[in-house]
Every structure is written in structure tokens, then in C-alpha cells.
Amino acid sequence: MRRKSPLAIVADAFRFGRGYIASLRFERPALVSVRGKLRILKRDGSISVGDLTDFWPGVKLSCQGHSGSERARIRIGRGCSIGDRTEIHAGSLVEIGDGVIIAWDCVIMDRDYHSTGSSPEGMKPVAIGNGVWIGCRAIILKGVTVGEGAVVAAGAVVTKDVAPFTLVAGNPARALKAVGGWRDRPGLAVSMGTRI
């Protein structure tokens, strides 16, 4: 086993300390790592995050429901890594499984933030399965389910469901090939500090 330097130990303690303080705004306190500024916007909603999840600098969690009757929810599983400046927007429900790696500058949203004519704002839940890898600058739009072990390529715009263990790419994203997951066992082998 490799030994960490005293400086690395202090840095780990600092980021987990920041994570604990941030987690006081979640449904329950959690052992999470916060490596930089974490923006949390919460109104008429709730956020839950599993232990050993890692937030890189500039992540934004926006969980804003409508006037108490429709509470928004963000659910992030255990052992995830959420990359720099990634934004997650929930007006209804965004659910992310265990061991999910989300690279930098991604956007995941279950809402439009606007309506057309007199119709209400469009909102549909988003579900991301265990062990999914989402490449940098990917966008996942409302109503999408990304199956377990899927890989979303960098820059993809996902507008339709992604089958489990499938690689998708493009705008709009389309299936390119079957994959065996991005790890030996998706969602189970996430190590702290992994940056994809």
C-alpha cells in the first residue's frame, strides 16, 4: 500500500470536511468530497447524495420545485464523481445511480426552464443507471433514462433513452455499439480521486 504524504492527508481531510459541511444541506449528512466551490440552489426540493461521492470545483446542483405541491428531487448514488462545472437541474426528479462518472462541463436537466404559449413548463424525470460514464460537455435532456453501464461520448446531446451497456454519441445522440461497461464491474470499482 502506498503511503500518502502529510500534505495529501491534510488535503483529503480538508475536502471531506468541506463535503460534510455541504452535506448538511442534503437530506442526510454524507461522507462526500468537495474539491472546490459547490453551488447548491434548493427551493421546494430535496437533495440526497451517497457516501464517497466526489464533487470537483464549480459543480451546481439546482433543485427547485413549484410552490410546495411539486417538490423537486436530486438523488445521487454512492461512489460517484461529478466533474468540474457540471450542472444538474431538477424541477421534478434527477436520479443518478451508484458509481457514475460525469466528466466536466456536463448538463443534466429534467426541465425546459420555459414554456410555449400558455402551456406549463415541460418537465420529465431523468434516470441514470449504475456505472454510467458521461463524457465531457455531454447534455442529457428531460425524460431520458440512461441504462446501467452505458457510455455517453463527449459532446453528445441525449434526447432519447439509452439502452444498458451501449455507447452513444452525436447530436442527437445515437447508439454506436454495445460495450461491456467502462469498468470490470460498473458501479462497484470506483476509486476516490478518479478524474475522467
| task | Would you please test Val162 and Ile140 for side chain to side chain contact (heavy atoms under 4.5 Å, CB included) and show each step? | result | CA-CA 11 Å; Val162 177; Ile140 298 179; over 6 Å; no
| Do the ring planes of Phe26 and Phe55 sit parallel (below 30°), tilted (30 to 60°) or perpendicular (above 60°)? | tilted
| field | Nearest-0.5 Å distance that lies between atom CZ in Arg137 and atom OG1 in Thr86 | value | 10.5 Å
| query | If Ile, Leu, Val, Met, Phe, Trp and Tyr residues are connected whenever their side-chain heavy atoms lie under 4.5 Å apart, and connections chain through other members, are Val132 and Val144 in the same group? | reply | yes
| task | For residues Ala169 and Ala153, report the shortest heavy-atom separation together with the two atoms involved. | result | CB-CB, 3.5 Å
| request: Measure the spacing between CG of Leu52 and OG of Ser81 and express it to the nearest 0.5 Å. | output: 12.0 Å
| Side-chain heavy-atom pair Pro125, Asp110 within 4.5 angstrom cut-off | no
| remark: All heavy atoms of Ala22 vs all of Val34, minimum pair found to be CB-CG2, 4.3 Å
| said: Can you tell me how far apart OH (Tyr20) and OG (Ser33) are? Round to the nearest 0.5 Å. | reply: 16.0 Å
| task | Give a yes or no on whether Trp133 and Leu167 share a hydrophobic cluster (residues Ile, Leu, Val, Met, Phe, Trp, Tyr; joining criterion: side-chain heavy atoms under 4.5 Å apart). | result | yes
| request: Supply the atom-to-atom distance Lys177 NZ to Thr166 OG1, rounded to the nearest 0.5 angstrom. | output: 11.5 Å
| remark: Heavy atoms of Gly149 and Val179 approach each other most closely as O-CG2, 3.9 Å
| Single-linkage hydrophobic cluster Met109~Val157, side-chain heavy atoms < 4.5 angstrom | yes
| Contact check, side chains of Cys136 and Asp105, non-hydrogen atoms, under 4.5 Å | no
| remark: By side-chain hydrogen bond (donor to acceptor under 3.5 Å, both in side chains), Lys42 pairs with (sequence neighbours left out) none
| request: Report yes if the side chains of Ile128 and Ile134 come closer than 4.5 Å at any heavy-atom pair, otherwise no. | output: yes
| task | List, by chain and number, the other hydrophobic cluster members for Leu41, where Ile, Leu, Val, Met, Phe, Trp and Tyr join if side-chain heavy atoms come within less than 4.5 Å, directly or indirectly. | result | none
| said: Please check if the number of heavy atoms outside Arg85 that lie under 6.0 Å from its CZ is greater than 12. | reply: yes
| said: Counting C-beta onward and ignoring hydrogens, is there a side-chain heavy-atom pair between Asp54 and Arg15 closer than 4.5 Å? | reply: yes
| Considering the options Arg73, Arg71, Arg25, Arg75, which one meets the side-chain hydrogen bond (donor to acceptor under 3.5 Å, both in side chains) requirement together with Ser46? | Arg75
| So do His89 and Gln64 actually touch side chain to side chain, heavy atoms under 4.5 Å? | no
| query | Hey, quick one: are Val59 and Ile40 part of the same hydrophobic cluster, counting side-chain heavy atoms closer than 4.5 Å, chains of contacts allowed? | reply | yes
| task | Please step through salt bridge (Lys or Arg N to Asp or Glu O under 4.0 Å) for the pair Arg78 and Asp98, ending with a clear verdict. | result | CA-CA 5 Å; Arg78 179 181 172 84; Asp98 295 333; over 6 Å; no
| request: Would you name the heavy atoms of Ala103 and Gly135 that are closest together and state the gap between them? | output: CB-C, 3.7 Å
| Straight-line distance of Ser92 OG to Lys142 NZ, nearest 0.5 Å | 12.0 Å
| request: Output yes when a side-chain donor or acceptor of Asp161 lies under 3.5 Å from a complementary backbone atom of Thr145, and no otherwise. | output: yes
| said: If I take atom CD1 from residue Ile21 and atom CG from residue Leu38, how far apart are they, to the nearest 0.5 angstrom? | reply: 12.0 Å
| request: Give a yes or no on whether the backbone of Leu31 and the side-chain of Asp51 come within a donor-acceptor separation of less than 3.5 Å. | output: yes
| task | Tell me, yes or no, whether the heavy-atom count around Phe14 atom CZ, taken from other residues, nucleotides or ligands under 6.0 Å, exceeds 12. | result | no
| said: Check for me, please, whether Ile82 and Val107 land in the same ILVMFWY cluster - side-chain distances under 4.5 Å, paths through other members count. | reply: no
| Does Ile76 reach the side chain of Ile88, with side-chain heavy atoms less than 4.5 Å apart? | yes
| Flag, side chain of Thr53 to backbone of Cys80, donor-acceptor distance under 3.5 Å | yes
| query | Do Arg174 and Lys160 pass the side chain to side chain contact (heavy atoms under 4.5 Å, CB included) test, and can you show the C-alpha distance, the side-chain angles, and the key distance before you say yes or no? | reply | CA-CA 9 Å; Arg174 59 187 176 90; Lys160 294 184 176 12; over 6 Å; no
